[in-house]
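The structure appears below as structure tokens.
A quick note: this is a predicted structure, and the numbers were derived from the prediction, not measured. Chain A is the first sequence line, chain B the second, and so forth, proteins listed ahead of strands; every chain is numbered from 1.
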Amino acid sequence: MSVRVRIAPSPTGYLHVGTARAALYNWLFARGRNGQFILRSDDTDSERNALEYHTDIIESLRWLGLDWDEGIEIGGPHAPYQQSLRYDRYRDVAMDLLERGLAYYSFASSEQLDEFRKEAQAAGKTPAYDGRFKLAPEEAADRIAAGESAPIRMAVPRPGATTFHDVVRDEVTFDHAQVDDFVILRSDGSPTYHLASTVDDVDFEITHVVRGEDILSSTPKHIVLTKAMGAIPPTYGHLALLMGPDGKKLSKRHGHTALSAYRQAGILPEAMVNYLALLGWSPGDDETIVSLADMIDRFDLDEVTKNPTIFDNDKLEWMNGVYIRKLTVTDFVARVTPLVESHLGRQLDGREAAQLAAIAPQVQERAKRLAEVADQVSFIFGDVVYDETSWEKVMTKDEAAIVLPAALSAVATLEEWTTESIENALRNMLTETELSARKGLQPIRVAISGSTVSPPLFESIEVLGRDEAVSRLESAIARVGSQ
RNA sequence: GCCCCCAUCGUCUAGUGGCCUAGGACUCCGCCCUUUCAAGGCGGCAACAGGGAUUCGAAUUCCCUUGGGGGCACCA
């Protein structure tokens, strides 16, 4: 039987990086086994669903390069792959279970349940509802017939236990004393996550359910349900959760949890996928940089680490830098142009595009995120804006007053306007003024770029063009003279 | 409180009884390169949670303790 795996996000939030990692592992497993990867939408929470999230999930997965063989957007033999469109099916299953005595209408009030749970906890037991308030089937049927509404609960076999083999954790056992008679169909007739998800896994012939550890303890419920449906449970695998720097479950207070936020920050999909893969899996051989294609060959589910992993932004950015440097200059420019334009709030004209292309190699080798590139090159477009700290640091020194006019005259009359000619002229100037490059060039840098930190100076001057460079030197001289 | 899961440098990990005076990567520190900042090169700091047991021999097997995480809804 060929492998069929799925990722089933619910559109109640942006695609979470943890979900993205689970998607990646599922995808790698499917691709490595010649199986199918399915994208399902677990949208049974009508209160919190939003189209915006639905779209974000699809776009984020595509951005990562994880394509699916069946699912929302593309359809497939089991369509629709959206739970909100399959309510009839879930109800049928629930009714069938009810008729076979495997589930029942529950009239236990929430007060009763609360009290039961409180007492159980006080007695040192798990507060899992054991069905003790269950009515005789006839009585329950009468009350429903009389127009009362009630949720349907699964009658979990008691006493009993569920043991299963988890691909990442080996054997796991839960005593049914820990599993409550869970609701499968709400009193309004809508399915709960447990029902919808399990029915879909059965119907879609899912062979491996690989998901977060947060639902490890719900797995017995899914197995009980699956068996009640007369199906063979899939193989389960529970991935350890992603943590924030404080060791707690990764959440918004740690920074970004939405994959799209990283995309916006200028993280490359290649880097993201590589980093995510290494969060809980190692290709061995002391390797760190691994392509998606390479991972397919080397990945296996049972090699996945069991321990919770802390999301390390520093390492992600380092890795992103590695991938940025691997880009061809053309590709780099193509990826960075939209960011520069949005930073500027306008389109680049032809001349500016050429300027960007010219300076690109200089910034490419020092960037960690694409978004920061926009900031680094912005001095080229529009007027100089002096960073006051930078100004304070170098323009108030004596060298500034000497070097700036010297640089202006060295550069203003150059016959050739190339990086080399500019560098020669300025180095001669340094010799004449007897200043070190360190001291003598910084004022020029600030005059040209507005900051002590900029792309390499000679290239920057060249890209800026003679007129602009001259005018910036003049402006700086004027300001220095007036202080 | 109860149940489940987990436990190697600060972080991600390699390691499946001797190859380990524990390897790699990020971070941090130092040096080199250098027009700033980076990048790059070289080097350094840094870990088997604790206690028992098994064994000729344990990071590797077992038990306990401790610590961390997750779950305990008509949310997913």
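Across all strands, F458(A) comes closer than 4.0 Å to base atoms (heavy-atom distances). Using a 4.0 Å heavy-atom distance criterion, I289(A) is classed as making no nucleic acid contact. T288(A) comes within 4.0 angstrom of the backbone, heavy atoms only, and of no base. No engagement by G212(A) is indicated, since no non-hydrogen atom pair under 4.0 Å with the nucleic acid exists. Note on G284(A): nothing from the nucleic acid sits closer than 4.0 angstrom, heavy atoms only. At a threshold of 4.0 angstrom between heavy atoms, the contacts of H194(A) include nucleobase atoms, whether or not backbone atoms are also involved. Within 4.0 Å of M243(A), counting heavy atoms only, lie sugar-phosphate atoms of the nucleic acid but no base atom. Counting non-hydrogen atoms under 4.0 angstrom, T173(A) reaches the backbone sugars and phosphates but no base. S449(A) comes within 4.0 angstrom of no nucleic acid atom, judged by non-hydrogen atoms across all strands.
Applying the 6.0 Å contact sphere to CG of D188(A) captures more than 12 heavy atoms from other residues, nucleotides or ligands. Within a 6.0 Å radius of CD in E303(A), other residues, nucleotides and ligands contribute more than 12 heavy atoms. Few gaps surround NE2 on H208(A); more than 12 heavy atoms of other groups in view lie less than 6.0 Å from it.
For R169(A), taking side-chain heavy atoms from C-beta onward, the closest of the listed nucleotides rA76(B), rC5(B), rG23(B) is rC5(B). Distance from the side chain of R153(A) is smallest for rC74(B) among the nucleotides rC74(B), rU36(B), rU11(B). In the set rC6(B), rG24(B), rA76(B), the nucleotide with an atom closest to the side chain of P308(A) is rC6(B). You'll find that the side chain of E213(A) is closest to rG69(B), out of rA76(B), rG69(B), rC12(B). Taking every side-chain heavy atom of D180(A) into account, rA73(B) is the closest of rA73(B), rA76(B), rC26(B). Closest to the side chain of P127(A), out of rU36(B), rC72(B), rA76(B), is rC72(B). Closest to the side chain of T126(A), out of rC3(B), rG24(B), rC74(B), is rC3(B). For K315(A), counting side-chain heavy atoms from C-beta on, the closest listed nucleotide (rU35(B), rA76(B), rG24(B)) is rG24(B).
As a whole-Å value, the separation of D214(A) CG from rG70(B) C1' is 7 Å. A straight line from CG of L239(A) to P of rG69(B) spans 19 Å, rounded to a whole angstrom. Atom P of nucleotide rC2(B) and atom CG of D175(A) are separated by 15 Å, given to the nearest angstrom. Summarising the geometry, the separation between CZ on F182(A) and P on rA76(B) is reported as 13 Å, rounded to the nearest angstrom. Atom CG in D166(A) sits roughly 10 Å away from atom P in rC5(B) (whole-Å rounding). Rounded to whole Å, the distance from CG on L316(A) to C1' on rU27(B) is 14 Å. Across the protein-nucleic acid pair, L242(A) atom CG and rG70(B) atom P stand 12 Å apart, rounded to whole Å. As a whole-Å value, the separation of D130(A) CG from rC2(B) C1' is 14 Å.
Using Watson-Crick or G-U wobble geometry with both donor-acceptor distances under 3.5 Å, rC20(B) finds no partner in any strand shown. Remark: rA53(B) base-pairs with rU61(B). Criterion, Watson-Crick or G-U wobble with two distances under 3.5 Å.
Between R117(A) and the phosphate of rA73(B), there is a side-chain N or O to OP1/OP2 separation shorter than 4.0 Å. In terms of phosphate contacts, T44(A) brings a side-chain nitrogen or oxygen within less than 4.0 Å of OP1 or OP2 of rA76(B). Phosphate proximity of rU8(B) to N307(A): present, with a side-chain N or O under 4.0 Å from OP1 or OP2.
The 5' end of RNA chain B is approached more closely, in terms of each residue's nearest nucleotide, by E287(A) than by the other of E287(A) and L457(A). Of the two residues contacting RNA chain B, namely L113(A) and I310(A), the nearest-nucleotide position lying further toward the 5' end is that of I310(A).
Taking the C1' atom of each, rC63(B) and rU55(B) are spaced 16 Å apart, rounded to whole Å. Across the C1' atoms, rU66(B) and rG52(B) are found 14 Å apart, a figure rounded to whole Å. Between rA49(B) and rC9(B), the distance separating the two P atoms is 7 Å to the nearest Å. Comparing rC6(B) with rC62(B), their P atoms are spaced 11 Å from each other, to the whole Å. Separation of the P atoms belonging to rG41(B) and rU54(B) is 50 Å when rounded to the nearest angstrom. rC29(B) and rA46(B) are spaced 12 Å apart, taking the C1' atom of each and rounding to whole Å. Distance noted for atom P between rU8(B) and rU35(B): 46 Å (whole Å). As rounded to the nearest Å, rG68(B) and rU21(B) have P atoms that lie 32 Å from one another.
Taking 3.5 Å as the limit, the base of rC12(B) and the side chain of T309(A) contain no donor-acceptor pair of atoms between them.
Taking the six-membered ring for Trp and thresholds of 30 and 60 degrees, Y105(A) and F107(A) have ring planes inclined between 30 and 60 degrees apart. Ring-plane geometry between F299(A) and Y25(A) is classed as tilted, the angle between the planes lying from 30 to 60 degrees on a 0 to 90 degree scale. Aromatic ring orientation, Y236(A) versus F164(A): perpendicular (interplanar angle above 60°, classes split at 30° and 60°). Using cut-offs of 30° and 60° for the angle between ring planes, the H222(A) and H194(A) rings count as tilted. Using cut-offs of 30° and 60° for the angle between ring planes, the Y87(A) and Y90(A) rings count as tilted.
Taking the ring axis of F116(A) as reference, the NZ or CZ atom of R132(A) does not stay both within 45° of it and closer than 6.0 Å to the ring centre.
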Produce the list of close N/O pairs, under 3.5 Å, pairing protein atoms with atoms of nucleotides 37-39 of chain B; give distances to one decimal.
| unit_1 | atom_1 | unit_2 | atom_2 | d |
| --- | --- | --- | --- | --- |
| rC37(B) | O2 | R366(A) | NH1 | 3.2 |
| rC37(B) | N3 | R366(A) | NH1 | 2.1 |
| rC37(B) | N4 | R366(A) | NH1 | 3.0 |
| rA38(B) | O2' | R366(A) | O | 2.9 |
| rA38(B) | N3 | R366(A) | NH1 | 3.4 |
| rA39(B) | O4' | E365(A) | O | 3.2 |
| rA39(B) | O3' | R325(A) | NH1 | 3.0 |

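Comment: R158(A) does not engage D130(A) in a salt bridge, judged by the lack of any side-chain N to carboxylate O separation of less than 4.0 angstrom.
Put simply, the residue from T162(A), D181(A), D180(A) that forms a side chain to side chain donor-acceptor pair (under 3.5 Å) with K221(A) is D180(A).
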